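Please read these numbers as outputs of a predicted model, since none were measured by experiment.
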Amino acid sequence: MELLRNPKCYTDVCIDGTWYHYDHCGSKVYSLSGGAGPELDLSREPATENELIDLIQSAIN
């Protein structure tokens, strides 16, 4: 799915039981783990949800 180029939009995805929050038009992702979630820096801004998932997996591995 294509991600909208709108900073008011966001996407939440679950990877291996952990939810991640991505605000569109940026390169930061936040782990949703009870308010103490770490911030991840993606290597680039994703264009699709699949690309977002790949970039998150790269950042956490």
Side-chain angles (χ1 to χ4, degrees):
M1 174 176 73
E2 189 102 8
L3 298 177
L4 297 175
R5 301 264 319 134
N6 184 336
K8 294 181 180 180
C9 294
Y10 67 90
T11 299
D12 292 335
V13 295
C14 184
I15 300 173
D16 296 327
T18 301
W19 283 92
Y20 295 90
H21 176 87
Y22 170 68
D23 291 316
H24 293 197
C25 299
S27 61
K28 301 228 184 269
V29 174
Y30 304 91
S31 173
L32 302 175
S33 55
E39 177 181 285
L40 301 173
D41 288 316
L42 302 177
S43 59
R44 65 183 182 283
E45 184 180 333
T48 66
E49 189 172 316
N50 286 338
E51 186 177 6
L52 172 62
I53 292 168
D54 290 342
L55 289 169
I56 292 171
Q57 288 176 326
S58 293
I60 60 176
N61 290 328

- [ ] Keeping to residues at least two apart or across chains, list the salt bridge (charged side-chain N to carboxylate O under 4.0 Å, His left out) pairs with something in residues 46-61.
- [x] R44-E51
TODO: Hydrophobic side-chain clustering at under 4.5 Å (ILVMFWY, transitive links): who's grouped with I60? Put none if nobody.
DONE: L3, V13, I15, Y20, Y22, V29, L40, L42, L52, I53, L55, I56
Open item on the list: So which atom in P46 and which in G26 form the shortest heavy-atom distance, rounded to 0.1 Å?
Closed with: CD-O, 4.1 Å
- [ ] Taking all heavy atoms of C25 and all of P7, pick out the closest pair and write down the distance.
- [x] SG-N, 3.8 Å
- [ ] Please collect all salt bridge (charged side-chain N to carboxylate O under 4.0 Å, His left out) contacts where either partner lies in residues 7-32, sequence neighbours excluded, each pair once.
- [x] K28-E39, K28-D41
